[in-house]
Amino acid sequence: MNTVANDARAAGARVGLSGDTITINGGRPLTGRIEVKGAKNLVTKAMVAALLGESPSELRDVPDISDVRVVKGLLEVHGVKVEHNVAEGTIKLDPVGVESAHMVDIDAHAGSSRIPILFCGPLLHRLGEAFIPDLGGCRIGDRPIDYHLEVLGSFGAVIEKLPTGIRMSAPEGLVGTKISLPYPSVGATEQVLLTAVRAKGKTELSGAAIEPEIMDLINILQKMGAVISVDTDRVIRIEGVDKLEGYTHRALFDRNEAASWASAALATGGDVFVGGAQQAEMLTFLNIFRKVGGAFEIHEDGIRFYHPGGELKPVVIETDVHPGFMTDWQQPLVIALTKAQGVSIVHETVYEQRFGFVDALIKMGANIQLHSECLGGHPCRFGQRNFLHSAVISGPTELHGADIEVPDLRGGFSHLIAALTAQGTSRVSNVGIISRGYGDFITKLRQLGADFEFEGE
Ligand code: EPU
């Protein structure tokens with residue numbers, strides 16, 4: 001097993017999901033209706049925001065995914081009472097008894113997710129100290145936390161790196177500041193928001209990420225009593241307040257999950273209604289989906305994605321921060337591109353190593369070459385650094401069944417699609433890791449008529 005697969009397996013094991021295998025008989029179009037719930041990349045942060053309130057919060061449309069369970073565990077060891085009603089999709093979070101956690105309890109969450117870094121600001125406000133374990137998350141690049149540490153330092157946090165994690169304290173409290181991010185990082189923007197809302201005085205953030213999930217986090221913080229304005233040109237201004245209350249909020253839908261099922265519909269020649277999907281947050285995806293030859297209908301309660309017949313067409317895609325084409329959308333769409341007539345290019349500019357998933361596709365018969373140059377668009381941060389971050393996909397190719405192993409969350413979903421489209425049978429192992437971000441995906445595959453057997457451990 002290679003290192004990436006090893007890392008993925010270890011990550012799966014840490015959230016208790018390793019080893020699950022699906023055997024898929026490919027060649028059947030996915031058809032039917034499924035529902036998407038709240039976005040993983042908002043829900044987990046909204047749960048952290050509840051730490052800032054003086055009263056309980058309630059979040060609705062919470063998906064049943066393991067990243068939610070990891071954050072729940074971490075909140076609980078810090079004294080937050082969490083009631084997760086999985087059937088209703090609600091979470092109630094009572095932060096009234098927040099306290100410092102025992103090191104051993106925090107350590108039990110080491111390597112399970114990237115969310116713990118976002119606990120720092122809220123914990124420093126409430127307790128004057130914070131400790132975060134080693135972070136987990138998908139191995140899709142180096143994923144440093146330098147912006148986060150600079151942000152926290154500039155609010156006045158004292159940072160101490162230890163062999164087991166990072167300890168922080170705020171002996172003088174946290175004070176508003178001026179920050180300019182070198183790259184519009186989603187996590188660092190969230191770090192600023194979650195810290196600035198209770199810091200003394202004003203904070204100005206330039207170079208902010210403006211993903212819809214961040215805008216929804218701002219909605220939540222405003223409901224709690226925060227004063228935040230979003231200006232043009234990626235500038236966000238926050239006026240710190242002394243006190244925040246709990247919130248009640250329905251989470252924004254998961255546009256990454258919606259795009260994944262859309263890509264599965266197209267690649268399998270199917271027709272899938274994604275209940276809960278909305279047009280505005282998916283504009284860029286919908287444009288590309290149409291250019292590749294997919295069709296969609298916008299409805300009030302969701303979007304129908306389907307293959308209208310005819311040939312699929314090649315495209316040139318450059319992933320980017322919002323409002324660009326999201327990095328999380330490329331892996332599932334690549335399977336449809338293996339079926340397109342001609343040469344497609346995907347230039348990945350957000351993560352330097354997000355093509356680990358194509359080895360398995362090549363084994364299944366795809367014609368994909370990886371390049372270290374910036375192909376098909378503008379030069380990006382990775383161009384001179386020898387990372388294989390541009391993919392050239394020549395089609396159409398027929399994929400055939402194979403034994404493959406899921407390397408990471410989005411790559412894993414693309415492996416499922418590959419197996420669904422392939423001639424013959426595929427054995428896809430380590431699919432547990434897909435549960436980090438796709439709620440009930442086994443049930444949804446059944447609802448859409450996929451032919452498979454699931455061997456859970
Ligand atoms: N970066 C740094 N230093 C930092 C932080 C980020 O160099 O301190 C770099 C990263 O290495 C990367 C780029 O900045 O090259 C963008 O990273 P960003 O901080 O925006 O990403 P993130 O907050 O770690 C979130 C999502 C990702 C999603 C990205 C981009 C969560 C938990 N994760 O990651 O989602 O791809 O934003 O939109 O919200 C996924 O869902 O599978 C996933 C990976």
Side-chain angles (χ1 to χ4, degrees), residues 8 11 38-49 63 65-68 70-71 74 112-120 132 135-154 159 166 179 181-194 205 207-217 234 251-252 254-260 281 284-285 319-332 348-354 356-357 380-383 385 387 389 406-414 433-439:
K40 161 178 98 69
N41 292 348
L42 176 263
V43 164
T44 44
K45 292 47 172 308
M47 291 172 73
V48 179
I65 53 175
S66 59
D67 269 15
V68 164
V70 170
V71 180
L74 209 51
S112 52
S113 155
R114 300 193 65 70
I115 308 297
I117 188 81
L118 295 177
F119 275 61
C120 296
I132 50 151
L135 300 178
C138 292
R139 297 299 311 155
I140 49 183
D142 198 25
R143 305 191 83 178
I145 52 167
D146 51 337
Y147 304 165
H148 292 259
L149 299 182
E150 270 169 42
V151 161
L152 289 159
S154 102
I159 297 165
I166 300 173
I179 297 161
L181 290 177
Y183 183 82
S185 150
V186 168
T189 300
E190 292 159 344
Q191 185 72 264
V192 172
L193 289 168
L194 291 166
L205 169 64
I210 50 164
E211 267 63 8
E213 293 77 16
I214 288 177
M215 294 303 132
D216 210 30
L217 181 62
R234 301 188 176 275
L252 174 76
D254 198 317
R255 65 202 172 107
N256 294 340
E257 185 184 0
S260 299
E281 290 78 13
T284 312
F285 177 81
T319 66
D320 206 347
V321 295
H322 188 76
F325 190 91
M326 273 212 81
T327 165
D328 302 276
W329 294 338
Q330 57 99 342
Q331 301 88 335
E348 170 60 55
T349 78
V350 180
Y351 290 109
E352 66 273 29
Q353 288 170 30
R354 216 168 185 180
F357 70 103
C380 77
R381 298 173 293 155
F382 310 136
R385 296 169 54 199
F387 294 116
H389 72 295
V406 165
D408 61 66
L409 176 62
R410 307 292 168 198
F413 199 89
S414 84
I433 208 160
I434 299 172
S435 312
R436 286 192 45 210
Y438 293 89

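Computed from heavy atoms alone, side chains included, the values below leave out hydrogens, waters and symmetry copies. Read the numbers this way: they start at 1 and go in the same order the structure lists the ligands and their atoms.
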| request: Any atoms of ligand 1 less than 4.0 Å from a non-hydrogen atom of L409? List them with their elements. | output: 42 (O)

| said: At under 4.0 Å between heavy atoms, is it the side chain or the backbone of V186 that contacts ligand 1, or both, or neither? | reply: both

| When rounded to the nearest 0.5 angstrom, what distance separates CZ in R410 from CD1 in I434? | 10.5 Å

| remark: For R114, the ligand 1 atoms with a heavy-atom partner under 4.0 Å come out as 24 (O)

| field | Mode of R381 contact toward ligand 1 - side chain, backbone, both, neither (heavy atoms, under 4.0 Å) | value | side chain

| said: Within the 4.0 Å heavy-atom shell around M326, which atoms of ligand 1 are there? | reply: 38 (O)

| To the nearest 0.5 Å, what is the distance between CG (D67) and OG1 (T44)? | 6.5 Å

| query | Would you say T319's side chain and F325's backbone share a donor-acceptor pair under 3.5 angstrom? | reply | no

| Can you find an N or O of S185 that's nearer than 3.5 Å to an N or O of ligand 1? | yes

| message | Residue-level breakdown please: for K40 versus ligand 1, do any non-hydrogen atoms fall below 4.0 Å on the side chain, on the backbone, on both, or on neither? | response | side chain

| Between E190 and ligand 1, which residue portion shows a heavy-atom distance shorter than 4.0 Å: side chain, backbone, both, or neither? | neither

| query | Would you say D328's side chain and N256's backbone share a donor-acceptor pair under 3.5 angstrom? | reply | no

| Interfacing atoms of ligand 1 (cut-off 4.0 Å, heavy-atom, I145) | 8 (O)

| request: Report yes or no: is the cationic atom of R255 (NZ for Lys, CZ for Arg) closer than 6.0 Å to the six-membered ring centre of F285, at no more than 45° off its axis? | output: no

| How does R354 reach ligand 1, by side chain, by backbone, by both or by neither, if only non-hydrogen atoms under 4.0 Å count? | side chain

| note | Interatomic distance, CD@E190 vs CG@L42, rounded to 0.5 Å, equals 8.5 Å

| Do any nitrogen or oxygen atoms of Y183 lie less than 3.5 angstrom from nitrogen or oxygen atoms of ligand 1? | no

| Is the closest heavy atom of R436 to ligand 1 under 4.0 Å? | no

| Can you list the atoms of ligand 1 that are under 4.0 Å from a heavy atom of G187? | 19 (O), 23 (O)

| request: Tell me, please: is K45 in heavy-atom contact with ligand 1, that is, under 4.0 Å? | output: yes

| field | E257 CD to Y438 OH distance, which is reported to the nearest 0.5 Å | value | 7.0 Å

| task | Would you check if F119 and L74 make a side-chain contact, meaning some heavy-atom pair closer than 4.5 Å? | result | yes

| Is there at least one pair of N or O atoms, one from D146 and one from ligand 1, spaced under 3.5 Å apart? | yes

| query | Between atom CD1 of I179 and atom OG of S154, what is the distance when rounded to the nearest 0.5 Å? | reply | 4.0 Å

| N/O to N/O below 3.5 Å, does that happen between R143 and ligand 1? | yes

| said: In this structure, does ligand 1 have an atom that sits under 4.0 Å from one of the heavy atoms of Q191? | reply: no

| message | Quick check on contacts: which atoms of ligand 1 are under 4.0 angstrom from a heavy atom of H148? | response | 8 (O)

| query | How far does CE of M215 sit from NE2 of H322, to the nearest 0.5 angstrom? | reply | 8.0 Å

| message | Would you say E348 and H389 are linked by a side-chain donor-acceptor pair, where the criterion is simply a distance under 3.5 Å? | response | no

| note | Closest to atom 5 (C) of ligand 1 (heavy atoms only, candidates P184, P144, G412, G411) is P144

| message | Under a 4.0 angstrom heavy-atom cut-off, which atoms of ligand 1 come close to V350? | response | 12 (C), 13 (C), 15 (O), 16 (C)

| remark: Exactly one of D408, T349, T327 clears side-chain hydrogen bond (donor to acceptor under 3.5 Å, both in side chains) with R354, and that residue is T327

